[in-house]
Structure formats: structure tokens, C-alpha cells
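Worksheet: one structure, shown below.
It should be emphasised that the depicted structure is a prediction, and the values quoted were computed from it without experimental measurement.
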Amino acid sequence: MSAKRCYYETLEVERTADDPGLKSAFRKLAMKWHPDRNPGDQACEVRFKEINEAYEVLKDPQKRAAYDRFGHAAFEHGGNGAAHGFGADFGSAFSDIFEGIFGMSGGRGRGSSRERGADLRYNMEITLEEAFSGKTAQVSIPTSVTCEVCSGSGARPGTKPKACAMCGGAGRVRQSQGFFTLERTCPSCQGRGQSIEDPCTSCVGSGRMTRERSLSVNIPAGVEDGTRIRLAGEGEAGVRGGPPGDLYIFLSLTPHVFFQRDGADLHCRVPVSMVTAALGAELEVPTIDKGKARLKVPSGTQSGRRFRIASKGMPVLRSRQAGDMYVQVVVETPQNLTKKQKELLAEFDRLSSGDTQPEASGFFARVKDFFGTKAAS
């Protein structure tokens, strides 16, 4: 009989290797030499047994201490070791590599028939005024609710669901493959662990029914376009009494006739006549709260100039602050003039000097210099 290999050599680690190092080496070698990855190869099967045996000893502090002192002799003649193949902890030794090899879990938790309901989405349009002041909205949503006849159990009143005959109520079934005992979701009860022999006639065993529900939604002041409001527990009812999902309200703001929003600030354009811009005036401009604000336009105001009215914008969500309102003055050029109006404007132009329109006078003076310089060169 040939001498047994050193357990440390079998796992390809140093004697000073710590627990994480042992586990990492074991996972790597177990995946490499697993019989399912090397079908029909007897040498791989033998190597795989050696790897398991070595890890079973070295992962246990007491067994490792005995091995370090006495070697393989510590587990001969009835010693409490793993020298004869797979020990009692074989399943636990490999439970952490099930998922890495097969994409499965080696857990043994019991199945549950209480499946959480799905989340729901509801799209809601609101006006800018409603976003400014906030509102309480009523929404009607078709959704699944708990069956009132069976109280969500799925079974006919007077009866109860029974443990699944295939999995015994565990929700998972075990299957042996080579050296492994694998678990998978029970195909009979789909992991619920229960079967209904006499289903409820109202919900056909699902524990849910489709109904239209009316809900009250509180929309706080200051919400922005794309804001999401979560209503916990207002989604679909869970399967067979499971917890409900959530309802998400997604808000979108409709375009406003006067205002454009930029965060908490509001912007609006106010057209004024050429005379108003030239002579100046006090204007009343609308505000988002359906009030009015006075705006002083100084004489000589140019088109495109912006004026700020403090704290007349949107409220900042969950605070007492508010944004500002910006008014952009747009000077409107007169149209459809009468003969008399044209004559008066022509007379005004004849009497005007460079001081009345300094920007235009300066521009055309620079144009003259520009062309004069080019001609001279």
C-alpha cells in the first residue's frame, strides 16, 4: 500500500496557510477535479476524494492540530478523521461551491407559499400650478388584491392547503449526482411547499383577484418633472397571502403658457413696445401663485434684458425656501404702420443723433473704419 500524500501538498498550500487560504485552494482544486467536469476519468475521481479528505481535516482546528503533531497516524485505528472517504460534514464542505460550479444553492431552507406581489407604476400629469402649491390627487388603479373569499390562502373556505407530496413542504427536492446531493426548486409546487387540492372558486387557487382601487396620493409642493412617489404596500397583492408590492407614482409636468422652469427658478418673456422700452414704465407681470408683481422698466431698456423678482419662483421641496422669477423684456418692433406713423418715425429718425442709439452708431462707425482700412491696404 503506497504512502498517503501530505494533506498540505494535496491542497497545494504551505503549512502556515490560514483558513481563507485553505478554503480558496480547496474551491479551486475541487472545481478543477470534480468528476462531473471530468466524466469517466478515474484518476480525477481519486484526486477529488483526496482533496476532500485533506480539506475535511485541515479546516477543523482540532483535527489540524492532531495532524500537525502525529500526521496520518492521528486518524488511523478508529481515529475521528476523514480517512475513509466523505465524512459526515461532506455536504457542508461543498455547500459553498455549489453555486460556483452549478449556479445553485446548497441551502436547505424550507419553501414558502408567501410570494411578494409585484410593484406597480402609475404615470400622472400635473400642472405647474399644482406642482407649486401641492395637491391631493385621487387615482384609480386596476390591480390584484387579496381574495376576500379565501382570505388569500387560495383554498376553498373550510379547507386548507396541504404540504406538497413531492417535497414534503420543503419547496425543494434533492437529487443525487455522482458524489453530490443537489437541491432544486420543487417542480410540483414551484417552491411554495404547499399544494391546494380544493382551490377557491373565486380566485382559482391564486389567492388574488383583479379589482380597480381608488387611492389618495399626496403630492408635496415643489415637486419636479420626473419625481417618483412611492406608496409602500399599495402594489399587487402577494400570492396566497404574501406581502403586497409597492406602487410608484411618476410625475410629469405639462407645459405652462407663461413660465418655463429651471429647478426652483421660473422664467418668462414679457413683450413691450418700443416706446415703453425707450421711455420706461412700471408693468404688472403675472406670478405662478396667480398674483401680480410690479416690474419697473427703466428708460432705454434694450431687448433681451432680464430682471429678477426675488422669491417668486417655485418652492424648494421640503423646505421653506423659494426660487426667483426672471422676467426677460422683449422689445417689439411696430408693424402695420399707417402713413402718419411712418412719417412721424422718419421725422424722429431725422432728429435723432448718435446719443439716442449709441450701439448702432458705434457699430456702423467701426464698419466704416473696417472697409476704409482694407481699401487703404
Does the side chain to side chain contact (heavy atoms under 4.5 Å, CB included) test come out yes or no for Arg211 and Thr143, once each step is laid out?
CA-CA 6 Å; Arg211 291 284 187 272; Thr143 184; 5.9 Å; no

Test side chain to side chain contact (heavy atoms under 4.5 Å, CB included) applied to Phe259 and Met325, step by step
CA-CA 9 Å; Phe259 301 106; Met325 184 172 80; 3.5 Å; yes

Tell me, with the steps shown, if Gln341 and Leu344 meet side chain to side chain contact (heavy atoms under 4.5 Å, CB included).
CA-CA 5 Å; Gln341 290 170 331; Leu344 290 174; 5.6 Å; no

What verdict does the side chain to side chain contact (heavy atoms under 4.5 Å, CB included) test give for Leu215 and Leu247, after you've listed the backbone C-alpha separation in whole Å, the side-chain angles of each residue and the deciding distance to 0.1 Å?
CA-CA 10 Å; Leu215 298 173; Leu247 171 64; 3.5 Å; yes

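Using a 4.0 Å cut-off between a side-chain N of Lys or Arg and a carboxylate O of Asp or Glu, Glu53 and Arg47 do not qualify as a salt bridge. Ion pairing of Lys296 with Glu282 is absent here, as no side-chain N (NZ or NE/NH1/NH2) approaches a carboxylate O to less than 4.0 Å. Arg116 has a carboxylate O that lies under 4.0 Å from a charged side-chain N of Asp119, or vice versa, which qualifies the two as a salt bridge. Arg294 has a carboxylate O that lies under 4.0 Å from a charged side-chain N of Glu284, or vice versa, which qualifies the two as a salt bridge. Under the 4.0 Å criterion applied to side-chain N and carboxylate O atoms, Glu234 and Arg213 are assigned as salt-bridge partners.
Proximity of a side-chain donor or acceptor of Thr159 to a complementary backbone N or O of Ala155 within less than 3.5 Å is not detected. Judged purely by atom type and a 3.5 angstrom limit, Thr287 uses its side chain to pair as donor or acceptor with the backbone of Gly291. Looking only at distances, no side-chain donor or acceptor of Ser24 sits under 3.5 Å from a matching main-chain atom of Gly21. Using modelled atom types, one side-chain atom of Asp60 and one backbone atom of Lys63 make a donor-acceptor pair closer than 3.5 Å. In this structure, the side chain of Asn38 engages the main chain of Lys32 through a donor-acceptor pair within 3.5 Å. A donor-acceptor pair under 3.5 Å links the side-chain atoms of Arg261 to the main chain of Gly263, judged by distance alone. Between the side chain of Ser151 and the main chain of Cys147, no donor-acceptor pair closer than 3.5 Å is present.
Of all non-hydrogen atoms in Val331 and Thr301, the two that sit nearest each other are CG2-O, 4.1 Å. Taking each heavy atom of Ala17 and Arg64 in turn, the nearest pair found is O-NH2, 2.8 Å. Between Ala232 and Asp246, the shortest heavy-atom contact is CA-OD1, 3.3 Å. Closest non-hydrogen pair, Glu9 versus Arg5, comes out as O-NH2, 3.5 Å. Heavy atoms only, all atoms of each residue included: Asn218 and Ile229 are closest at O-CD1, 4.0 Å. Contact between Phe132 and Gly313 at its shortest, heavy atoms only, is CE1-O, 3.5 Å.
Between the side chains of Asp68 and Tyr7, no donor N or O sits under 3.5 Å from an acceptor N or O.
Connection of Val285 to Tyr326 is not established within any shared hydrophobic cluster, with ILVMFWY side chains joined at heavy-atom distances below 4.5 Å, either directly or through further cluster members.
Note: Tyr67 and Tyr8 have tilted aromatic rings, judged against thresholds of 30 and 60 degrees for the angle between ring planes.
Atoms SG and NZ, from Cys268 and Lys312 in turn, are 13.0 Å apart once rounded to the nearest 0.5 Å.
Between Phe48 and His34, the gap from one ring centroid to the other is short of 6.0 Å.
The environment of CZ in Arg269 is sparse: at most 12 heavy-atom neighbours from other residues, nucleotides or ligands sit within 6.0 Å. Within 6.0 Å of atom CZ in Phe250, more than 12 heavy atoms from other residues, nucleotides or ligands are found, so the atom counts as buried in its surroundings.
With a 6.0 Å cutoff to the six-membered ring centre and a 45° limit on the axis angle, Arg121 does not count as a cation-pi contact of Tyr248.
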